[in-house]
Amino acid sequence: MLKIENLTKEYADVSPVKDVSVTINDGDVIAVIGPSGAGKSTFIRCINMLEKPTSGQIFLGDEEITAKGYDIKKARQRMGMVFQSFNLFGHLTVIENLMLAPMDLLKKSRQEAYDKGMELLKQVGMAEKALSYPEELSGGQKQRVAIARTLCMDPEVILLDEPTSALDPTMVSEVQAVIRQLSESGKTMLIVTHEMEFARAISNRVFYMDDGGIYEEGTPEEIFDHPQKELTRRFIKKLKLFEQVINSKSYDFIGFNSELEKYLFKNDVSNSDRFRIMLALEELVQQIILPKLDDPFIRVRVEYSLKEESCQIIVNYKGERFDIDNTDNDLSLSLLRNTAKEVSYSFNEAEEEPNCVKIQIRHKK
Amino acid sequence: MNWMKTSMKRIICMLLAVIMILPFAFSFGASAAENISEDNKDTKKREAEYKTFEELNDKTVSMLTGAPFEELISSKVSRVKEFTYYQTMPDMMLAVKSGKTDAGFMNNAVADLAANKDSALAVFPENLGETAFGLAFKKGDERFSDWVAAYDKIPAETKTALWEKWTGADDSVKKLPEQDWPGTNGTMQVAACDALEPMSYVGQDGQVLGLDIETILLIAKELDVRVEFTPMDFSAVLSSIGSGKADIGCGSIVTTDERRETMDFVEYQPAYFVLIVRSAKVADASDNSFIASVKDSFYKTFIREDRYKLFLSGILTTILITLLSIILGTALGFLIYMGCRKGGKLANKLAGFFVWLIQGMPVVVLLMILYYIIFEKTDISGTIVAVIAFTLVFGSGVFGMLKMGVGAVDKGQTEAAYALGYSDAKTFFRIILPQALPHCLPSYKGEVVSLIKATAIVGYIAVQDLTRMGDIVRGRTYEPIFPLLAVAVIYFILGAILAFIVGRLEKAVDPKRRKKEKILKGVRTDA
């Protein structure tokens, strides 16, 4: 259906899409997810050439739509697009919004266009508003009309660019219902969305985009339940990362603590959790590991998952094998264990920092 | 349709009421000072308020704007309180009558006529200098010497008779001979001032009359040359000779050394610099009631010599220039906008330069640059030049409005149309323009009404529009108020009609005002 090869889009100072190659099959419903600025919107807008790709090729069926001299209008008629900001034509009523393009571009009669338009308005539950102007509608209603307008052209592919992002939370579900219904009709769809549950429910493939490329691709189960790659995992679990390196016995302990506290505040960690996280790190680093090392190099990572409200601390350090269980500071060790659900130690000689302590912080509701 | 007619009627009725009331209100103050009695023709006997130069000390003296006679006056009157300047003779006469100034500087022909026609005015008994009236030729024109020789052949008594005929108060004898000679020696173009009675002015049916005109006809007959007169503003007469648009200029032109530097003059009558002052107060016995004076003003302004025809032709010229400029200017602005719509750098720079150039100077300057410099050598009429100038002005306005209006339409509209498969041009005409027009039209309406008022300056390039016709009538009647008010009211009416039409257009193009039946035209909705 759609084949994309080495697609790249560059501006003067940023490249939102870098060398993307992917094939989209007939009937695929693809959710494109990823952090802001990952290039999702630019990618989807390149597909119907609203953004002109800097290089690469796009094939719609057998036709290369990026070819020089190709009449892109023909391809766009076969690819509908739904925008974040609806973009209904403000000077026309709802039904005229639906009739205009089929009459102008597909040369349908007024009657044909009207009948088809009304049928689609009924499908999206907007038939009663056929003679209203867009400005009289709520955001959710506008987006439903916009979807119907796209369908009037009988497109083979529908591109949806964050269709619910501009909506009041109370209206998201009415639009999602329409899109869900559409996804079951067998049309090929690409949808950029931040609604993970929704993406999982309607799609058969998920593209996780990061830094201008499709970083990981898979079925919804693969991406949402068992992400293979680090960035995907962090994104899906909404992990927020804090990382610092301690490389001197006289490091700035107060500065380190205040950075950590700032990070925990920012992620809305509860008071008791924050206390436990900071206590665990102080006992582990300051009291147990640091006194044992002559030339310390300790990498501290704190991962906080907004989704699960759980926190994991990973501490790697250089030097000889040193299991914290063997410390002579029993008080600190027991304090540490008190904060944690689980503490584990491992040693891997291949790593640059072979010692590794993982602590799962105990979470109390 | 019916309500439209009634609202139109209402507007016109209101304006007519204004016409009726304003002259009464305004002329009340002035009418006391005015004593127009045509039977008092004995100028020489009428006493002037001031009789010696001594008496003019500490008084205000006026002249036409640009006239270089301050030194001459100061040499006679040692302590002039102040010099003031007026654009036209009637304005100056009115200022003298109403006491705004005490003496008006002019030539004896104009002064004699004014004093003959208006008993409130008198000629100051002493003159300030002697010179001559002349017909102006461009320096170096070889026909000049023939004209001087031909004038010298005219007998002295004919010349005197002419003077008395044209400076007299009896308008019935002021007729011109027909050009019944064959004209084997070609045709000369004459630029004739349109409002300097008695030498050169527009009389009945828009015909040019006056002493200068008859003198030219006498000489032309002698030389067997045909002449064509074009009436225009005095300043346009001199420019027309300089730029070669006319062969001869006339209109009470007094020869001065400075003028001789650029032109040759056929000097045909001695001229004196004189002052016009108020006549000494005489008890006025005549019954000049307020109503009678308004009636008289109305009669002189509109009825006598069919002067309403002058107003009508002025209105037609004004409407012609305005409408053509609106149509062509709209087309021009639209074309320029289409040229730079895509954001081409060069096109935008050019358009920006064009707008900067046109809007950077006063329209009157643009008008004169076009007429006297750019179209100097061509035969294009002033009306066409005026249409060109106002087309440029209006076009640059329309360009700005379109830019603003289209800018106000959300960019998403374009993207949505593209995404549906619309071409660039179709997107603009089907989606963007219909949404931009409602943003543009309110300022468009304003521009249209401004335009009709702005055309009042075309008198500068010898076009006889409504304003100029008002001036001409004022020049003839020395009725300062009535013609001005009439002109103002006519502009109000024309402006209201144009605003009304654009207002209808505004409603017609507003897509949100369409009726349901129109939206669903040709569609069965029962299915």
Side-chain angles (χ1 to χ4, degrees), chain A residues 45 47-51 71-106 109-119 130-136 146 149-150 152-153 155 158-159 161 166, chain B residues 341-345 401-402 404-442 444 505-527:
Chain A
R45 286 162 59 84
I47 294 178
N48 71 350
M49 304 276 280
L50 277 185
E51 301 283 350
D71 182 7
I72 188 61
K73 299 194 290 295
K74 286 271 166 300
R76 283 176 178 157
Q77 287 176 20
R78 295 164 60 193
M79 289 192 282
M81 182 147 197
V82 176
F83 297 86
Q84 182 177 351
S85 50
F86 330 124
N87 296 342
L88 292 178
F89 301 138
H91 62 304
L92 299 176
T93 57
V94 164
I95 185 68
E96 287 171 299
N97 261 282
L98 269 67
M99 290 162 69
L100 190 70
M103 280 158 49
D104 280 353
L105 305 175
L106 304 180
S109 72
R110 281 182 76 81
Q111 189 66 50
E112 277 176 287
Y114 175 83
D115 291 343
K116 170 117 189 171
M118 285 310 285
E119 183 196 319
L131 290 176
S132 301
Y133 283 93
E135 62 184 21
E136 300 159 12
R149 177 176 69 181
T150 302
C152 273
M153 295 292 285
I158 303 175
L159 310 171
D161 185 5
Chain B
R341 186 172 70 87
K342 290 279 197 57
K345 253 200 183 131
M401 273 179 255
L402 276 173
M404 185 269 294
V406 172
V409 177
D410 181 40
K411 203 168 164 286
Q413 301 283 316
T414 311
E415 289 197 340
Y418 283 173
L420 283 167
Y422 275 88
S423 67
D424 181 62
K426 245 186 174 166
T427 299
F428 182 74
F429 285 107
R430 298 286 286 167
I431 312 291
I432 305 302
L433 196 59
Q435 297 187 66
L437 283 184
H439 291 292
C440 301
L441 281 173
Y444 188 78
L505 193 71
E506 207 174 332
K507 284 177 189 149
V509 304
D510 186 350
K512 298 204 175 137
R513 283 176 180 267
R514 290 171 305 160
K515 294 253 162 58
K516 184 185 165 194
E517 299 80 61
K518 179 144 186 260
I519 293 171
L520 292 179
K521 209 175 97 194
V523 170
R524 287 187 323 277
T525 55
D526 46 347

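Chain letters run A, B, ... following the sequence lines, proteins first, then strands; residues in each count from 1. This one's a predicted model, so the numbers in the text were calculated from it and none came from an experiment.
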Undergrad: So which of A/E96, A/Q77, A/R45, A/K74 has the largest heavy-atom pair count under 4.5 angstrom toward chain B?
TA: A/E96
Undergrad: Taking side chain as everything from C-beta outward and backbone as N, CA, C, O, which of these in B/K516 sits under 4.5 Å from a heavy atom of chain A? Side chain, backbone, both or neither.
TA: side chain
Undergrad: Roughly how far, to the nearest 0.5 Å, is NZ of A/K116 from CG of A/L98?
TA: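 It is 10.0 Å, given to the nearest 0.5 Å.
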Undergrad: Taking side chain as everything from C-beta outward and backbone as N, CA, C, O, which of these in B/K411 sits under 4.5 Å from a heavy atom of chain A? Side chain, backbone, both or neither.
TA: neither
Undergrad: Answer yes when A/D104 and B/R430 have at least one side-chain N-carboxylate O distance shorter than 4.0 Å, and no when they do not.
TA: yes
Undergrad: Given a strict heavy-atom distance threshold of 4.5 Å, which part of A/M49 is in contact with chain B: side chain, backbone, both, or neither?
TA: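 For A/M49, no heavy atom lies under 4.5 Å from chain B.
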Undergrad: What part of A/R78 gets within 4.5 angstrom of chain B, counting heavy atoms only: side chain, backbone, both, or neither?
TA: neither
Undergrad: Where is the tightest heavy-atom contact between A/Y114 and B/R524, given as atom of each residue plus distance?
TA: CE2-O, 3.6 Å
Undergrad: Using modelled atom types only, decide if a donor and an acceptor are shared between the side chain of B/Q413 and the backbone of A/L88 within a distance under 3.5 Å.
TA: yes
Undergrad: In terms of heavy-atom proximity below 4.5 Å to chain B, should A/E136 be classed as side chain, backbone, both, or neither?
TA: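 For A/E136, no heavy atom lies under 4.5 Å from chain B.
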Undergrad: So which residue, A/R76, A/M153, A/K73, A/H91, ends up with the most heavy-atom pairs under 4.5 Å with chain B?
TA: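 The candidate making the most pairs under 4.5 Å is A/H91.
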Undergrad: Less than 4.5 Å to any heavy atom of chain B: does that hold for the side chain of A/Y133, its backbone, both, or neither?
TA: side chain
Undergrad: Please determine, among A/L100, A/L159, A/N48, the option with the most heavy-atom pairs under 4.5 Å with chain B.
TA: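 Greatest number of close heavy-atom pairs with chain B: A/L100.
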Undergrad: Keeping A/R149 on the side-chain end and A/A101 on the backbone end, is there a donor-acceptor pair under 3.5 Å?
TA: no
Undergrad: So which of A/N87, A/T150, A/T93 has the biggest tally of heavy-atom pairs under 4.5 Å with chain B?
TA: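 Max contact count across the listed options: A/N87.
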Undergrad: Please report the shortest heavy-atom distance between A/I95 and A/M118, naming the atom on each side.
TA: CD1-SD, 3.6 Å
Undergrad: Kindly compute the distance separating CG (A/D115) from CD (A/E119), expressed to the nearest 0.5 Å.
TA: 8.5 Å
